[in-house]
Amino acid sequence: MPDNVEQQKQQDDRIVFLREFLKHPNQVASIIPSSRFLERRVMDQANVKTARMVVELGGGTGGTTRAILRELPPEGKLLVIEINARFCARLQAINDPRLIVHRGNAQDLQEAIATHGLPAPDAIISGIPFSTMGHDTGSRVLNAIKSVLPPGGCFVAYQFRKQVYELARPLLGRAARVELALLNIPPMRVFRWEQQPA
Ligand SMILES: C[S@@+](CC[C@H](N)C(=O)[O-])C[C@H]1O[C@@H](n2cnc3c(N)ncnc32)[C@H](O)[C@@H]1O
């Protein structure tokens, strides 16, 4: 994509993102999309380069989605579950046969995977805000993640606050890795868990 087209797209994404944040602050939880720096951290933690099937929870305007698609092998699949209709429309405009956009709630992850006839994911990447969604919803999402991840599969969550760590600890154990990504607004923690053999 030429530089000026890319810049215009980024600008449009930022405007849509901010508008949706103003309408749904607890769901969107950030005023601008994730930075390239944060995207890089997340891709590395989730080993997207070697994944065959990735799930993204909360694709937003698609910056992180495109970052995953840039890394994903040609035969890979990416399922994005996004709750917001406006964001889903932008995600559906990404022209890539590996991408499946599912409008729905992350807590229905298991059903979404089954609906699209997809295999168990190697990685689940999540930017949905565990700090504002409430304890019960957060627990349902994490239970769904636990139920679909095969042994060795990883869950990578980038979050401003630490709630996800407390919620996930009883299910997924202590985070194997926590990194701080400072070059983002706001600065984010990147948590990574790996599903242990049963
Ligand atoms: C912080 S934004 C991240 C957007 C994008 N991935 C990025 O990093 O720029 C959180 C996203 O999660 C979505 N979201 C929030 N709760 C959700 C839920 N329960 N299920 C699916 N998507 C959700 C929001 O609509 C929003 O797109």
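Counting starts at 1 for both ligands and their atoms, in listed order.
The pair Glu6-Lys9 does not meet the salt-bridge criterion, since no charged nitrogen lies less than 4.0 angstrom from a carboxylate oxygen. A salt bridge does not link Glu20 to Arg90: none of the charged side-chain nitrogens sits closer than 4.0 Å to a carboxylate oxygen.
Distances from atom 26 (C) of ligand 1 to the heavy atoms of Glu82, Glu56, Gln107 put Glu82 nearest. With distances taken over non-hydrogen atoms, the option nearest atom 5 (C) of ligand 1 out of Leu109, Asn184, Thr64 is Thr64.
Heavy atoms of Leu57 stay at 4.0 angstrom or farther from ligand 1. Heavy atoms of Gly104 approach ligand 1 to within less than 4.0 angstrom. At least one heavy atom of Pro129 sits closer than 4.0 Å to an atom of ligand 1.
Every atom of ligand 1 is numbered from 1 in the order shown, and the set under 4.0 Å from a heavy atom of Pro33 is 9 (O). Proximity to Gly127 (heavy-atom distance under 4.0 Å) selects the following atoms of ligand 1: 1 (C), 10 (C).
Considering backbone and side-chain atoms together, Ala106 places an N or O closer than 3.5 Å to an N or O of ligand 1. Checking only distances, Ser30 never comes within under 3.5 Å of ligand 1, N or O to N or O. Considering backbone and side-chain atoms together, Val28 places no N or O closer than 3.5 Å to any N or O of ligand 1.
From the protein, the heavy atom lying nearest to atom 23 (C) of ligand 1 is Ile128 CG2, 3.4 Å. Nearest to atom 22 (N) of ligand 1 among the protein's heavy atoms is Ile83 N, 3.4 Å. Of the protein's heavy atoms, Ser34 N, 2.9 Å lies nearest to atom 9 (O) of ligand 1. For atom 15 (C) of ligand 1, the nearest non-hydrogen atom of the protein is Gln27 O, 3.3 Å. Nearest non-hydrogen protein atom to atom 19 (N) of ligand 1 is Asn105 OD1, 3.1 Å.
For the pair Arg192 and Glu194, the minimum side-chain heavy-atom distance is below 4.5 Å.
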